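So that the names make sense, note that chain A is the first sequence line, chain B the second, and so on, each numbered from 1. Just so it is clear, the structure is predicted and the values come from calculations on it, not from any experiment.
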2 protein chains.
Amino acid sequence: MKLTKSLEQAICIMTLLATQDKEIPVTSAVINHRLNGSPTYIKKLMRKLVVKNLVTSVSGNNGGFTLVDSPKKISILQIIEAVEGNISTYPNSGLIDIVFQDMQVAANQGEIVLANVFDEADALWTNFLATQTVADLLYKTLGRNEILVLNWNELDEHQSLLQKILPTK
Amino acid sequence: MKLTKSLEQAICIMTLLATQDKEIPVTSAVINHRLNGSPTYIKKLMRKLVVKNLVTSVSGNNGGFTLVDSPKKISILQIIEAVEGNISTYPNSGLIDIVFQDMQVAANQGEIVLANVFDEADALWTNFLATQTVADLLYKTLGRNEILVLNWNELDEHQSLLQKILPTK
DNA sequence: GGGGCAATACTCGGATATTAATTGTCCGAGTTCTGCAGG
DNA sequence: CCTGCAGAACTCGGACAATTAATATCCGAGTATTGCCCC
């Protein structure tokens, strides 16, 4: 049982936006270049984050994406749910009830019991991830309790400049 | 994020075997008939349970499948791992490190932090499901603290007899 | 009557097809800024 | 100047194609019972 690759990308995007000067939206071109994935697909991904109100999009010239909230207020769970939808691991189709159908038991009883067990397990998982914020990730990774802010648009320009220069030599 | 349909089937099979007289193996034909799925696919599923030593298979005439252990000793987690393999939800491809590659941070640090967070969440999930046994499911569903035992092979014969008789009328 | 020997009723395991989910592409929009041309 | 207009630089959103994972089928085995035939 794996989450999708999209989720990994979404987390990257969120941490990236978290270290971005809030006044300057990051263009999707910059995100694409960083993540090195399919540009059009990443746009779709971005849309999911926008719809779930985790990032805002600014269209037009100098447009792009910005975090809605402080990284301290964005949990990993929110990102997961934006990308994957609600988490419910048990693929319930009621199949279990056919096992019990000959034992005098209320219909759906097996289904209910099973669904509850998995819901409980899922709740443990989601509750924990709800406590983990994007800021926590940055703190732990950078080893300090502050988030440094930079402008990815410029950072990326350098990179692409380099890549434009190198091949010509 | 869903587990596969196979898992639902596997759980049904395990509860079914749990209510079967241990002396009499259940044939896969009976299991197929009950689950109403693809017979050949269910055989493959059964194999996974056999390989993980949750059920034993007896070949030859009057052969079939039997639980290895008491339902009290079989956890839901064991069934899940037999069918889905080890649970690790984060689709780690190290992508996160590209975000941090320009900030002076040990390589892989982001990857490690993220993987740990998800591992911790997964552990909560799996630890809980490790405490839930097949016997628990039966108790909760049947509403009593004993597992009634029957012979599904015979039960199923009746059914198929009925189905053979009915169409002729 | 009992020892072999087929027939029967099962599981085993891999190669291969089908179907569903995920990922990726395309195209034609809409929106905001910038710069420039004409009054 | 300053007003308006065209173009550039972005996002939006849906329809469609390709890729990968899950499900299902097929086929040729192997193995233990059953029952019957022959000595």
Side-chain angles (χ1 to χ4, degrees), chain A residues 1-10 12-13 17 23-33 35-66 68 80 83-85 89 91 93 95 152-153 156-157 160, chain B residues 1-10 13 17 23-33 35-66 68 80 82-85 89 91 93 95 152-153 156-157 160:
Chain A
M1 180 180 57
K2 281 252 183 290
L3 295 157
T4 61
K5 204 170 131 192
S6 299
L7 174 73
E8 192 181 14
Q9 297 179 318
C12 290
I13 291 165
L17 291 179
E23 301 306 312
I24 313 170
V26 181
T27 67
S28 69
V30 169
I31 295 172
N32 295 332
H33 180 230
L35 295 213
N36 195 32
S38 128
T40 50
Y41 189 58
I42 287 174
K43 279 182 188 172
K44 295 183 91 170
L45 229 189
M46 292 311 299
R47 200 82 246 296
K48 288 184 180 176
L49 298 175
V50 170
V51 167
K52 280 286 177 170
N53 206 36
L54 296 180
V55 311
T56 39
S57 67
V58 180
S59 58
N61 201 348
N62 295 325
F65 301 92
T66 318
V68 168
I80 295 172
V83 174
E84 313 264 343
T89 53
S93 73
L95 189 65
W152 287 92
N153 294 336
D156 211 58
E157 263 173 38
S160 45
Chain B
M1 180 180 59
K2 280 254 185 290
L3 294 158
T4 61
K5 204 169 128 194
S6 299
L7 174 71
E8 193 182 13
Q9 297 179 318
I13 291 166
L17 292 180
E23 301 306 311
I24 311 169
V26 181
T27 68
S28 68
V30 169
I31 295 173
N32 295 332
H33 181 232
L35 295 212
N36 195 30
S38 128
T40 49
Y41 190 58
I42 287 175
K43 278 182 187 174
K44 296 184 92 167
L45 229 189
M46 293 309 300
R47 201 78 243 297
K48 288 183 181 176
L49 298 176
V50 170
V51 167
K52 282 284 179 171
N53 206 35
L54 296 180
V55 312
T56 38
S57 68
V58 179
S59 58
N61 201 347
N62 294 327
F65 301 92
T66 320
V68 168
I80 295 171
V83 174
E84 312 264 342
T89 52
S93 73
L95 189 65
W152 287 91
N153 293 338
D156 210 59
E157 262 172 41
S160 45

Rounded to whole Å, how long is the line connecting atom CG of Leu35(A) with atom P of dT23(C)? 14 Å
note: Asn61(A), atom CG; dA9(D), atom C1'; distance rounded to Å ~ 4 Å
Would you kindly give the NZ-to-P distance between Lys43(B) and dT16(C), to the nearest whole Å? 20 Å
Rounded to the nearest 0.5 Å, what separates atom CD1 in Ile42(A) from atom CG in Leu35(A)? 4.5 Å
Greater than 12 external heavy atoms within 6.0 Å of Lys52(B)'s NZ: no
Phosphate OP1/OP2 of dT34(D): any Asn62(B) side-chain N/O under 4.0 Å: yes
Side chain to side chain contact (heavy atoms under 4.5 Å, CB included) evaluation trace for Met46(B) with Ser57(B): CA-CA 9 Å; Met46(B) 293 309 300; Ser57(B) 68; over 6 Å; no
Show me the protein contacts with nucleotides 21-28 of chain D, counting only N or O atoms at under 3.5 Å.
residue	atom	partner	partner atom	Å
dT23(D)	OP1	Lys5(B)	N	3.0
dT23(D)	OP2	Ser6(B)	OG	3.0
dT23(D)	OP2	Tyr41(B)	OH	3.3
dA24(D)	N6	Lys44(B)	NZ	3.2
dT25(D)	OP2	Ser38(B)	OG	3.0

Grab the CD1-P distance between Ile42(A) and dT25(C) for me, whole Å please. 10 Å
Which of Ile31(A), Leu45(A), Val83(A), Thr4(A) passes side chain to side chain contact (heavy atoms under 4.5 Å, CB included) with Gln9(A)? It is Leu45(A)
From CG (Leu54(B)) to CG (Leu17(B)), nearest 0.5 Å: 10.0 Å
For the pair made of CG in Leu45(A) and P in dT11(D), what is the distance, rounded to whole Å? 14 Å
Is any side-chain N or O of Ser59(B) closer than 4.0 Å to OP1 or OP2 of dC12(C)? no
Would you say Glu8(A)'s side chain and Ser93(B)'s backbone share a donor-acceptor pair under 3.5 angstrom? yes
Rounding to a whole Å, what distance do you find between Asn32(A):CG and dA9(D):C1'? 14 Å
Send over the distance from Leu49(A) CG to dT11(D) P, rounded to a whole Å. 13 Å
